[in-house]
Each structure stands twice: as structure tokens, then as C-alpha cells.
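Have a look at the structure below, then the notes.
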Number of protein chains: 2
Amino acid sequence: MATVKDVADLAGVSTATISRVLNNHPQVADETRSKVLWAMEQLNYQPSRVARRLRMEASQILGLIISDIANPFFTSVVRGIEDVAYANGYSLFLCNSDEDPAKEELYIQVLLAEKVAGVIISPTDEDGITCKTLVESGVPLVAMDRRLRRLEVDTVVVDNVLGAYEAVSHLIQLGHRRIGLIGGPVHITTGRERQEGYKKALTEHGIGLDEGLIKIGDFKQGSGYQMACELLETDDPPTAIFTANNLMTLGALNAIHEKGLNIPRDVAIVGFDDMPWAPSLDPPLTAVAQPTYELGCTAANLLLQRIADKDREIVEMKLEPTLIIRASCGHNEKRGQSKSGDHGA
Amino acid sequence: MATVKDVADLAGVSTATISRVLNNHPQVADETRSKVLWAMEQLNYQPSRVARRLRMEASQILGLIISDIANPFFTSVVRGIEDVAYANGYSLFLCNSDEDPAKEELYIQVLLAEKVAGVIISPTDEDGITCKTLVESGVPLVAMDRRLRRLEVDTVVVDNVLGAYEAVSHLIQLGHRRIGLIGGPVHITTGRERQEGYKKALTEHGIGLDEGLIKIGDFKQGSGYQMACELLETDDPPTAIFTANNLMTLGALNAIHEKGLNIPRDVAIVGFDDMPWAPSLDPPLTAVAQPTYELGCTAANLLLQRIADKDREIVEMKLEPTLIIRASCGHNEKRGQSKSGDHGA
DNA sequence: CTGAAAGCGCTTACAG
DNA sequence: CTGAAAGCGCTTACAG
């Protein structure tokens with residue numbers, strides 16, 4: 001591969017001049033510039049970003065640590081981040097912590113060692129001990145989707161309490177009194193806040209809490225299935241279930257269908273996360289839609305602003321979720337889907 | 001941030017020794033090693049991967065160019081790649097070409113400039129003009145999910161012809177004669193091969209091709225919706241539809257449900273890609289399951305092997321898809337789901 | 001407007 | 001077993 005030296009030799013100038021052309025330095029004679037450009041063309045020269053990064057303090061790379069790349073909720077988020085990054089000339093270094101603090105820590109070290117310009121993270125744990133290292137090193141950091149409790153960092157989240165509150169309130173308005181929760185881990189802010197919204201809705205409507213109706217999963221499909229089984233196999237099962245993310249919703253649906261129960265007649269269900277397949281589920285899923293793409297864009301914009309101005313005040317943004325009412329909650333009961341029965345899956 | 005120099009000064013040795021400890025060089029006196037380790041600890045030293053990469057030829061980074069990060073098919077693939085990379089001490093540099101050759105080209109330049117150890121790509125175009133640059137630069141490359149026609153590179157794909165052939169043959173065996181195709185772009189090998197399998201099944205069963213039943217989308221949900229509308233709004237609509245990927249399947253389902261048609265009574269459907277939500281769709285989707293995670297693992301392993309041995313012969317692997325029969329094809333018709341009617345979505 | 005020289009933080013023959 | 005020195009490919013004051 002050609003280097004500045006090769007280009008300089010061919011163009012008959014110094015390497016400093018090559019660098020100046022590369023960086024659009026204004027005071028380069030037009031004639032010199034053309035010679036250099038010509039030489040670059042000839043040699044198919046690609047400047048090494050590695051060498052450049054060693055010399056300069058700022059890189060053109062953003063680090064991104066996602067807690068579960070297999071969760072389709074994040075694909076749209078990543079897409080938003082990627083679009084903003086691309087539009088601003090940044091590339092993405094994507095890491096998947098897989099909800100494992102050890103992997104998260106390793107990747108934070110890697111990103112630090114890679115001298116990324118900034119990091120966006122959906123942390124595996126609200127205490128974020130490892131994130132402290134980042135912040136202390138002065139690397140701009142944005143917490144996305146999940147908060148970092150003890151750290152003063154830019155944050156963009158969805159109003160999880162509100163989303164859960166609206167979902168559960170809707171079930172209550174439809175007449176449900178025994179509502180099960182399949183929640184997420186409480187050490188993750190989304191898990192805890194959605195549980196908080198659930199409890200708030202019950203309390204405000206004068207319904208006592210039944211701890212037996214609260215099951216905590218791990219935001220993955222398998223746990224949704226298992227927790228739904230536990231809820232439905234009791235003597236006094238809930239008449240409705242609220243699931244705290246899209247994967248656990250799918251797991252719960254598996255369990256309900258497997259038992260031959262009818263939704264919403266035997267058990268109603270409302271899930272957090274509206275996904276492209278929600279309208280085509282059996283029956284169409286009532287869901288709390290999160291502004292996923294916007295979440296990603298906002299996180300990326302916050303990070304770019306922070307990179308541009310390290311002294312800006314800390315910003316915390318809370319985006320609004322929307323309850324999308326379809327059939328799984330029983331709202332449209334009259335329209336006949338209670339006849340559908342089991343689908344032989 | 002501390003550098004080798006700082007550590008060397010504190011430990012009272014030369015920077016060369018620090019480097020040797022860092023790289024587990026065997027001939028370092030135990031006592032010296034402990035001193036160095038202690039100094040590193042004291043300074044919370046993190047070696048710069050950037051500086052290291054400038055000096056060494058091989059980096060610990062794999063580049064990954066995905067054609068559409070918003071397609072959940074790829075999340076499991078990325079997961080497979082990531083697991084293998086992580087287990088071997090590599091990190092991932094993920095790029096999303098968004099089916100745009102210009103973005104693909106830019107990212108290839110970035111990855112080259114970043115001196116990644118190798119690249120895995122699902123190319124936007126089978127001609128892969130930009131991929132040639134990579135190959136010519138001697139960077140190990142693996143084509144994944146989609147082939148690169150003119151290039152001699154390691155490749156791992158799924159047997160798309162077989163998958164489509166089995167799906168369509170199954171519909172034929174259930175009595176269908178007018179089967180619509182919602183296919184992918186023909187300049188992408190998955191699009192063309194799935195169409196090939198569709199045609200092969202019809203031909204082998206003595207059914208003539210009707211070009212009016214073949215609609216080409218772009219592998220995204222919107223086009224699945226639109227093409228399904230076009231197919232269903234003709235005078236002589238198909239009795240069954242085969243969709244060539246998961247997003248177009250969702251789009252087609254939207255169209256079918258919107259028109260109040262019953263699946264499979266009015267129109268049967270079989271889709272490429274089995275996804276976690278397929279069993280919970282209305283009705284459960286008969287689908288061609290791709291070994292997505294394995295696809296990712298295989299691609300990563302091929303790349304790591306190639307990095308280790310640049311002279312190894314070119315390998316092309318073809319993984320087997322599996323037809324998962326559920327209710328949307330009409331196979332389980334007798335079990336009563338034809339009664340289900342519209343869900344009021 | 002341009003060049004010579006130093007330096008970013010590492011690693012690696014080469015001596016000893 | 002360890003150190004002095006050169007070099008990876010850039011950029012940037014400092015001169016001129």
C-alpha cells in the first residue's frame with residue numbers, strides 16, 4: 001500500500017505538503033495541489049486512519065455498546081445511530097455486551113484503546129462501574145435506553161413508567177383486575193421502571209398488589225415463555241398479562257398458544273415494544289410503541305454535540321411512548337376474533 | 001492517559017521491556033515482570049491499540065458490512081460472527097451498507113484505512129466492483145449470505161434454490177397451481193436463486209410459468225405489502241404466495257389481513273426465513289428456516305482461517321435450509337383454523 | 001506557499 | 001535477560 005512518502009516522491013514535494021492537501025489546508029498552490037492529487041490517483045493512495053489517529057487526538061469513530069444484538073428492538077435504534085453517524089462522517093464500532101458485565105467491561109477497554117471519539121451505551125447494569133472508567137478518561141459518553149444511576153452523563157431514554165402505566169391502565173379499563181407482569185431485571189432501569197408503571201396503574205385504580213402475579217424474566221424469549229407458564233399454571237391465574245419487552249412477549253405468546261388458550265377471551269395480553277410483526281400476530285398485539293429510530297438518532301446527536309462541546313451541560317431526554325391498541329387486549333372483542341380457537345401450531 | 005514511557009519510568013526499566021511483558025514474551029525475569037505489572041497497575045495503564053496497529057501488520061479487528069441492519073434476519077447472523085470473534089480475541093467493526101453501493105464502497109475504504117484483519121460482507125451487488133479493491137489489497141474477505149460472482153473469495157451461503165424449491169413444491173403438493181412469487185432483486189444472488197427455486201418447482205411439476213404471478217420487491221416490508229396488493233387485485237389472483245424474505249412476508253401479511261382474506265383458505269402463504277415470531281403469527285407461518293447463527297459462525301471461522309493461512313484454497317460452503325410446516329400453507333387445514341376470520345386489526 | 005524535523009505510542013531486530 | 005535506536009504513517013509547529 002502506498003504511503004505519504006510514496007506520494008511525496010512521485011509528486012516531487014515533501015510529505016508535509018501531502019498532508020496539507022489531504023486536510024484541505026487552504027494555503028497550497030493550485031499547481032502543487034494538482035500534482036499531489038495526480039500522484040495520489042496514480043498510486044491509488046488511501047491514507048491510513050490508524051497513523052492519523054495516533055497523531056491527532058480526535059478520531060472519526062463512535063463506539064456503540066448494545067446490551068443484546070439479538071433483540072430486534074435494537075436494530076432500529078442502531079439504524080438511527082448509524083444514519084446520524086454516517087451523515088456526519090463518523091463510522092461505528094459496534095459491540096454486543098450480551099447483558100454480560102464482563103463483556104461490557106472488555107469492550108469499554110477496547111473502545112478506549114481504539115481512541116474512539118465517543119461512546120453510546122445501553123448498560124447492562126445501572127450502577128455502571130465500568131462506565132466510570134470511560135467518563136474519568138474524558139471520553140464523551142451517552143447512556144441510551146437505560147439510565148446510568150450514579151453517573152453524570154447525557155442520557156436519552158423512553159418514559160418507561162408512563163408506557164407501562166398506560167398499558168396496564170388500559171387493561172384495567174377493560175375490566176381486568178388480576179393482571180400478571182412479566183418484567184425485566186430490576187438492576188436495569190427499563191426493567192424497574194416498567195414494573196413501577198405497572199404498580200402505579202394498579203395502585204391508582206385501587207387494586208391491591210399480588211406478588212404472585214409478578215414474574216421477573218431476563219428480557220429474552222425463553223424467560224417470557226417460562227414466566228407465562230408459571231403465571232397460567234396457578235390455581236387463580238391472571239386474566240391479563242403485561243410483558244415488558246418484545247422478546248418476552250413472543251415467549252409468552254408461545255406458552256399461551258401451546259396451552260390452547262384464546263387471546264383475549266381466556267387471557268389478554270399487552271406488550272412493551274411495537275414491532276413490525278405485531279399487527280400480524282394472533283391476534284394483533286396491543287403494544288407500547290417506542291420511538292426506536294428517534295432514540296438512536298437522539299443518542300447520536302447528543303454524542304456529537306458533546307464531542308463538539310465538552311463543557312455543555314448534561315442533558316437528559318425522555319421520549320414519549322405510544323399505546324397502540326389492537327386486538328390482544330380484548331378492546332375489539334365484539335369483532336369476532338374470540339371464535340378463532342387454536343391454530344394447530 | 002499513561003503510556004509505555006510512563007510505565008517504564010515508574011518501573012525503572014526500558015520501554016522495550018514493557019512491550020515484552022505486554023506481549024507475554026517468555027524471556028523476561030520474573031522479578032522484572034512483577035515490577036512492570038505493578039507499575040501498570042499503579043498507572044491504570046491501557047496500551048494504545050492504535051499505536052500497536054501502526055507498528056504491527058495484523059490488527060485484532062474484523063470488518064463487517066451488512067446490507068441491511070434493520071432486517072432481523074441479520075441480527076442472529078451478526079450474533080454468530082460476534083461470538084466467534086469474541087472467543088478469538090477479535091472485535092467487530094460493523095457497517096451498514098443499507099443496500100446502497102455507494103455506502104458499501106465508502107465503508108470498504110474505511111475498513112481498509114482502519115487496517116482491519118479481514119472483512120465479512122453481504123454484498124449489495126453480485127458484481128461487487130468495490131470488493132475487488134479489497135481483494136487486490138490482499139485483505140482477507142468472506143462473502144456471506146450472498147455470493148460475489150466474479151471474485152474468487154471464501155463464501156458461505158444457504159442453499160436458496162433448494163429452500164425455495166421445497167417451499168413451492170410443498171404448496172403444489174397441497175393442490176395449488178397458481179402460486180405467486182414476491183421475490184428479491186435479481187442482482188442479488190439470494191433474490192435470483194430463490195426465484196430459480198420457485199421456477200424449478202413449477203417446471204418439475206408441469207406447471208407453466210405465468211410472469212404475471214412474479215413480482216420483484218426489494219427485501220423490505222413496504223415492497224412485500226405492495227407486491228401482495230398487486231397480486232391479489234388481479235382478476236385471477238394466486239391461491240398461494242411464496243415470499244422471498246421475512247420482511248416482505250410481514251408486508252404481504254399486512255396486505256392480506258387488510259383485505260380481510262383468510263389464510264390459508266383464501267390465500268396460502270409460505271415465507272423464506274423462519275423468525276421467532278413465526279409460530280405466533282396469524283396463522284402460524286410455514287417458513288424456510290435458515291441456519292442464521294451458523295451462517296455467522298461459519299463466516300467468521302472461514303475468515304479467521306484465511307487470516308491464519310492466506311494460501312489456503314478458496315472454500316465455498318452451502319448450508320441447508322429446512323422447511324418448517326405450520327398452518328399458513330394450509331397443511332393443517334382440518335384442524336379448524338379456517339374458521340378464524342378477520343381479527344379486526 | 002513549502003520543507004526539515006520532531007513526535008504520536010508502540011514493537012523489534014540488534015547488541016550486549 | 002535487557003536496553004538503545006529505528007521505524008510504523010501520519011501531522012504540525014517552526015523556519016524560511
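Given the structure is predicted, the values throughout are model-derived calculations rather than measurements. Throughout, protein chains are lettered first and strands after them, A, B, ... in sequence-line order, and every chain is numbered starting at 1.
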Quiz prompt | Over 12 non-hydrogen atoms of neighbours within 6.0 angstrom of NZ in B/K132 | solution = no
Practice problem: Looking at every strand, decide which applies to B/A29 at a 4.0 Å heavy-atom threshold: base, sugar-phosphate, or nothing. | Solution: sugar-phosphate
Quiz prompt | A/T17 side-chain N/O to C/dG3 phosphate OP1/OP2 under 4.0 Å | solution = yes
Quiz item: Does a side chain donor of either B/Q60 or B/R49 reach within less than 3.5 Å of an acceptor in the other side chain?
Solution: no
Quiz item: Should A/S48 be listed as having a side-chain N or O under 4.0 Å from OP1 or OP2 of D/dG9?
Solution: no
Quiz item: Could you state the NE2-P distance from B/H25 to D/dG3, rounded to the nearest angstrom?
Solution: 13 Å
Quiz prompt | Nucleotide of D/dG3, C/dG9, D/dC1 approaching B/L54 most closely (side-chain heavy atoms) | solution = C/dG9
Quiz item: To the side chain of A/Y45, which of D/dC10, C/dC10, C/dT2 is closest?
Solution: D/dC10
Self-check item: Closest-nucleotide ordering on DNA chain D, the 5'-leading residue of B/E31 and B/M56
Solution: B/E31
Exercise. Using atom CZ of B/R52 as one end and atom P of D/dC10 as the other, report the distance to the nearest whole Å.
Key: 20 Å
Quiz item: Counting only side-chain N and O atoms of B/S14, is one of them less than 4.0 Å from OP1 or OP2 of D/dG3?
Solution: yes
Self-check item: Distance below 4.0 Å between B/R20 side-chain N/O and D/dC1 OP1 or OP2
Solution: no
Practice problem: Provide, to the nearest angstrom, the distance between the NZ atom belonging to B/K115 and the P atom belonging to D/dG9. | Solution: 7 Å
Quiz prompt | Heavy-atom pair with the smallest gap, counting every atom of B/I69 and B/L94 | solution = CD1-CD2, 3.6 Å
Exercise. In whole angstrom, give the distance that lies between atom CG of B/D6 and atom C1' of C/dG9.
Key: 10 Å
Practice problem: Look at all strands and tell whether B/V50 reaches a base, only sugar-phosphate, or nothing, counting heavy atoms closer than 4.0 Å. | Solution: nothing
Quiz item: Roughly, in whole Å, what's the span from CZ in A/R53 to P in C/dC10?
Solution: 14 Å
Quiz item: D/dG9 P sits how many Å from A/M1 CE, rounded?
Solution: 10 Å
Quiz prompt | Separation of atom CD in B/Q46 from atom P in C/dC10, rounded to whole Å | solution = 10 Å
Practice problem: Considering just the side-chain nitrogens and oxygens of B/S19, establish if one lies under 4.0 Å of OP1 or OP2 belonging to C/dT11. | Solution: yes
Quiz item: Across all strands shown, which nucleotide pairs with D/dG16 by Watson-Crick or G-U wobble geometry, both distances under 3.5 Å?
Solution: C/dC1
Self-check item: 5' priority, DNA chain C, between B/A16 and B/A51 [closest heavy atom]
Solution: B/A51
Quiz prompt | Distance, C1' atom - from D/dG16 to D/dT12, rounded to whole angstrom | solution = 16 Å
Self-check item: Passing candidate, side-chain hydrogen bond (donor to acceptor under 3.5 Å, both in side chains) with B/T124, options B/E105, B/K103, B/E104
Solution: B/E104
Quiz prompt | Any side-chain donor near an acceptor of the partner, A/Y293 and A/D83, under 3.5 Å | solution = yes
Quiz item: Could you give the NZ-to-C1' distance, from A/K5 to D/dG7, as a whole number of Å?
Solution: 13 Å
Quiz item: Would B/R146 and B/E99 pass as an ion pair if we require N to O under 4.0 Å?
Solution: yes
